[in-house]
Structure formats: C-alpha cells, structure tokens
Participant: 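This is the structure, below, for whatever I ask next.
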Amino acid sequence: MPLVTTETRRGVATLTLDSPTNRNALSTALIEELLAALAAAEADDAVRAVVLTHTGPVFCSGADLKETAAAFGSGKPPVSRLGDVLAAIWESRKPVLARVGGPARAGGLGLIAAADIAVCTTAATFAFSEVRIGVIPAVISTTVLPRLAPRAAAELYLTGATFDGARAERIGLVTAAVEAERLDETVEGYVRDLVRGAPGALAGAKELLRSREPDTFRDEVAAMTELSVRFFGSAEGMEGIMAFRDKRDPNWVPDGAA
C-alpha cells in the first residue's frame with residue numbers, strides 16, 4: 001500500500017501522508033514516495049498549488065525511530081534523506097500549503113516550516129523533541145529558523161517542551177491556527193486565492209521571498225544533514241532512541257526528576 005497518496009483536482013495536487021499506523025513517521029520509504037509525489041506535482045503544468053495533508057490523528061511524528069535504531073552501525077537513517085524533502089518543498093516553484101489537523105513532532109515541524117502557508121488546528125500540539133532523545137534539530141533548522149521568533153526558537157529547541165496551535169501561530173511556525181471545524185474551509189480559502197495567481201507570477205513571487213537567502217541553501221541542507229546523522233549515530237542518540245523504544249528515561253535524566 002502506498003504511504004503517500006496524490007489526488008489532483010481543479011489545479012490542486014493534494015499529497016496525503018498515509019501511514020497512520022506509525023503516526024506518519026518519516027521512514028525512508030515514506031520520504032522516497034513523498035519526493036516522487038512532489039516531483040510529479042512540480043512537473044505537471046495542470047497543478048497550480050500543492051496541499052500537504054495526512055490521514056489519522058497525527059500529522060507527522062518525526063523520524064521513524066524504529067528504522068533509525070535498526071540503522072545503527074550500518075546503512076543510513078531516514079534523517080539522511082529528510083533534507084531532500086525540505087529542499088523540494090522550499091524550492092518548489094508552486095505554492096505549498098500544509099494542512100495540519102493533529103500533532104507534529106521534530107521532523108514533522110520541518111515539513112510545516114518548509115511550506116509557504118501552513119494552517120493548523122488550535123488543539124494541535126508541537127514539539128522540537130530532539131534533545132530529549134539525544135539528538136538536535138539540525139536539518140530542519142534550514143526551514144524552521146527563518147520562520148520562528150529567535151527567543152521562541154531558543155526556548156523550544158532547548159527544552160523540547162510541547163506547545164499548541166495558538167502559540168505556533170504567534171511564533172511564526174504556522175500561518176493560521178483555527179478551530180478544528182474551520183480547518184478545511186480555511187485551507188480551501190487559501191487554495192482558492194492561490195489558484196487565481198498566474199503560474200509564472202507565483203513562481204516569481206516565491207523567488208522574491210527567497211531572494212535574501214544565501215545561494216548556498218542546498219549546501220546548508222547537506223551540512224545540517226551530516227550533523228543530524230552524526231547525532232543520531234552518537235552514544236547519546238542511541239541511548240535516547242533505545243529509551244524511547246523501551247518507554248523509560250534515558251540515562252542522563254537525574255534520579256527523581258519529574
């Protein structure tokens with residue numbers, strides 16, 4: 001069964017993360033399918049805008065930690081390909097809108113930040129949970145840090161604390177946070193506006209939005225991917241992932257800590 005499905009209608013390609021059994025975790029297989037779906041939408045002249053959404057209650061739980069644990073010492077963890085997805089969304093000539101109807105963690109926040117427009121529910125929860133499993137949000141920083149207020153980024157990167165949709169809007173992670181019953185109508189409103197733009201003008205506007213970025217975006221993605229992979233393969237990363245799997249505190253948490 002596909003892990004990413006595509007439906008194209010009235011100029012909009014809707015790409016759906018469809019792996020609810022593992023909370024739409026970013027496995028290598030899902031990443032490869034998402035890359036293929038994004039490339040197909042980019043190449044289709046009939047597609048004017050892209051919506052990234054999900055099945056199940058969770059938008060994306062971040063890297064597939066089960067696959068990551070299996071990759072220790074051999075092979076490449078899924079995070080080694082995540083940067084390619086972020087770049088594909090960030091650099092797309094077509095507007096990309098993230099529809100977030102539930103929680104997102106770690107790498108899932110990178111997808112949201114890469115999108116041009118993101119709409120979530122006020123009840124959705126978010127966390128940069130990397131430090132709590134001994135790794136860092138390196139590769140997703142390429143898309144997250146240009147969005148987030150610096151003080152919020154420092155707090156949330158360092159604490160790994162959970163925050164809701166209303167705060168995600170205030171700090172710039174998402175464009176709008178709405179009540180669950182208004183999510184689809186809000187997304188549809190943005191889509192109606194997007195498809196009224198001329199394709200070339202939309203692409204040009206996206207270039208303007210990126211014009212103040214260094215020309216080395218891909219180099220930054222590559223460097224941050226290498227850093228992410230190094231932390232995932234570190235002793236702390238391995239301990240953190242094993243602790244997460246075993247539903248226990250990692251060995252660096254002081255005795256008696258809440």
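Hydrogens, waters and symmetry mates play no part in the numbers below; they use all other heavy atoms, side chains included.
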Participant: Do any N or O atoms from the side chain of K94 and from the backbone of R48 form a donor-acceptor pair under 3.5 angstrom?
Facilitator: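 Answer holds: no.
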Participant: Sort out for me which residue in N24, L26, V58, T55 forms a side chain to side chain contact (heavy atoms under 4.5 Å, CB included) with S19.
Facilitator: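 With S19 as partner, N24, L26, V58, T55 yield a single side chain to side chain contact (heavy atoms under 4.5 Å, CB included), made by N24.
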Participant: Supply the members, apart from V51, of the Ile/Leu/Val/Met/Phe/Trp/Tyr cluster built from side-chain contacts under 4.5 Å; use none for a lone residue.
Facilitator: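 Its cluster partners, ordered by chain and number, are V12, L97, I117, V119, V178, L183, V187, Y190, V191, L194, V195.
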Participant: Could you tell me which residues satisfy side chain to side chain donor-acceptor pair (under 3.5 Å) with D184, sequence neighbours excluded, listed by chain and number?
Facilitator: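 Only R99 meet the side chain to side chain donor-acceptor pair (under 3.5 Å) criterion with D184.
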Participant: I'd like to check the side chain to side chain contact (heavy atoms under 4.5 Å, CB included) partners of S80; sequence neighbours left out, ordered by chain and number.
Facilitator: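 So S80 forms a side chain to side chain contact (heavy atoms under 4.5 Å, CB included) with K76, V229.
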Participant: Please table the atom pairs, donor to acceptor, closer than 3.5 Å between any side-chain atom in residues 66-73 and protein atoms at least two apart or in another chain.
Facilitator:
from, atom 1, to, atom 2, distance (Å)
E67, OE1, T28, N, 3.1
E67, OE2, T28, OG1, 2.6
T68, OG1, D64, O, 2.8

Participant: Taking atom OH as the centre, does Y157 end up with more than 12 heavy-atom neighbours from other residues, nucleotides or ligands that are less than 6.0 angstrom away?
Facilitator: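 Yes, OH of Y157 has more than 12 neighbouring heavy atoms, counting only those of other groups under 6.0 Å.
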Participant: Determine the minimum heavy-atom distance between G56 and P20, stating which atoms define it.
Facilitator: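 Nearest pair, atom of G56 first, then P20: CA-CB, 4.2 Å.
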Participant: Parallel under 30°, tilted from 30 to 60°, perpendicular over 60°: which one fits the rings of F59 and H54?
Facilitator: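 If you compare the ring of F59 with that of H54, the planes turn out perpendicular.
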Participant: Any side-chain heavy atom of V144 within less than 4.5 Å of one from F128?
Facilitator: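 Yes; the side chains approach each other to less than 4.5 Å.
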Participant: Does CZ in R23 sit with more than 12 non-hydrogen atoms of other residues, nucleotides or ligands closer than 6.0 Å?
Facilitator: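 No - once you tally the heavy atoms of other residues, nucleotides and ligands closer than 6.0 Å, there are 12 at most.
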Participant: By side chain to side chain contact (heavy atoms under 4.5 Å, CB included), which residues pair with T6, not counting sequence neighbours?
Facilitator: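 Once residues adjacent in sequence are excluded, the partners of T6 under the side chain to side chain contact (heavy atoms under 4.5 Å, CB included) criterion are T8, L15, A37.
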Participant: Looking at every non-hydrogen atom in both residues, tell me the closest pair between S92 and E42 and how far apart they are.
Facilitator: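 That closest heavy-atom pairing would be OG-OE1, 2.7 Å.
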Participant: Would you say CD of E188 has more than 12 non-hydrogen atoms from neighbouring residues, nucleotides or ligands within 6.0 angstrom?
Facilitator: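 Atom CD in E188 is packed in, count exceeds 12.
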Participant: Would you please name every residue forming a salt bridge (charged side-chain N to carboxylate O under 4.0 Å, His left out) with R248, sequence neighbours left out?
Facilitator: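 Residues passing salt bridge (charged side-chain N to carboxylate O under 4.0 Å, His left out) with R248: E239, D246.
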Participant: Work out which heavy atom in F231 is nearest to a heavy atom in V135; give both atom names and the distance.
Facilitator: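 Heavy atoms only, the tightest pair is O-CG1, 3.6 Å.
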Participant: Should L52 and L17 count as side-chain neighbours, where that means a heavy-atom distance under 4.5 Å?
Facilitator: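 Counting from C-beta outward, L52 and L17 do come under 4.5 Å.
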